A.B. asks: 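Sharing a structure below in C-alpha cells format, with a few things to ask.
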Amino acid sequence: MELTPPVIAIDGPSASGKGSISRKVAAALGFHLLDSGALYRIVGLVASRRGVALDKGPLVARLVEGLRIEFEGDDKSEGIIRVDGEDMTREIRLESTGELASQVAAHPEVRQALVRLQRSFRKWPGLLADGRDMGSVIFPDAQVKVYLTASPEERARRRYKQLKEKGISVNLAALSAEIAERDYRDRTRSVSPLRPAADAVELDTTDLNIEQVVEQVMALVEEKLPGLPT
Ligand code: DC
C-alpha cells in the first residue's frame, strides 16, 4: 500500500492541449486537479495590479504568502478562481496574463514560494498535476509523467480557437509570435526551464485530437498505475 496519493504529471509548452487533456483524465479517474499555470497567472496578475516590479523576484515572491487562492466548485472542470474573495477567472485566462505569468515564473524566489502550495494538492485518491515542471521538480516521484508537445503552428491555432470560444478576440499572427516568445523564455530560464523529465513519456499531439491523446494517456496510466478505475 502506497503511503502517499499517486500523481500523474502532465507537462508541456503553452497551448499543447495540457489543460483539456488534464481535466478529462482527472475526471475519468476521479482525481484532484492542479492547474499550476493558474497559480503563476494569479501571481503575475496580482503583482502587476499592485504595481510590484515584475523583475524583482523577492518582492513578487513575498506576495504569495498573503494570497487567499480558492479554486471553487468542481475542481475537475474549469471552475471559478477567486483570489482574496474576488472572482478573477476571466482575467486569469487572458493572453496578457499568460505573459505576466511567464515573467514572474522565471524567478527562483517565486517558484520556491509556490512549491508547498502545489504539493498540498496531492490528496487521495490521487492528483493530476498540469504544468511545466510537475514531473521534474514538484512531483519527481510521480508514477506517471507525460510531456505533451505539438508544433508551434498547431498550438497557436488551438489557443486561437480556445480564446475565440470564450469571446476573447485575438489576432492569429500576434498570438503565434507571443507563443514563440513565451516558449523561448520558459525554455531558457535558468531555474526549472521547460523540458521533459528524464523519465517522462513524450507525446507529440500535432496530428491527434483530444480524445486520441486522452486514450494514450489513459493507456499509460493503466500500465503504470494498475488497479485504478480506467
Ligand atoms: O500553462 P499556462 O499557460 O497557464 O502557464 C502560464 C505561464 O506560467 C507559462 O508561460 C509558464 C509559467 N508556468 C511555469 O513556469 N511553471 C508551471 N508549472 C506552470 C506555468
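Whatever order the structure lists them in is the order used to number ligands and atoms, beginning at 1. Computed from a predicted model, the values in this text were never measured in an experiment.
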A.B. asks: Could you go through Arg93 and Asp35, starting from their C-alpha distance and side-chain angles, then the distance that decides it, and tell me whether this counts as salt bridge (Lys or Arg N to Asp or Glu O under 4.0 Å)?
C.D. replies: CA-CA 12 Å; Arg93 295 296 159 206; Asp35 173 1; 2.8 Å; yes
A.B. asks: Taking C-beta and beyond as the side chain, do Lys18 and Arg132 meet within less than 4.5 Å on heavy atoms?
C.D. replies: yes
A.B. asks: To the nearest 0.5 Å, tell me how far Asp130 CG sits from Ser22 OG.
C.D. replies: 4.0 Å
A.B. asks: Who's touching ligand 1 if we go heavy atoms under 4.0 Å?
C.D. replies: Lys18, Ser36, Gly37, Tyr40, Arg41, Ala101, Ser102, Ala105, Arg111, Gly131, Arg132, Asp133, Met134, Arg182, Asp186, Arg189
A.B. asks: Please say whether more than 12 non-hydrogen atoms of neighbouring residues, nucleotides or ligands are located less than 6.0 Å from CG in Asp207.
C.D. replies: no
A.B. asks: Counting C-beta onward and ignoring hydrogens, is there a side-chain heavy-atom pair between Leu94 and Ile92 closer than 4.5 Å?
C.D. replies: no
A.B. asks: What residues, two or more places apart in sequence or in another chain, satisfy side-chain contact (heavy atoms from CB on, under 4.5 Å) together with Glu109?
C.D. replies: Pro58, Ala61, His107
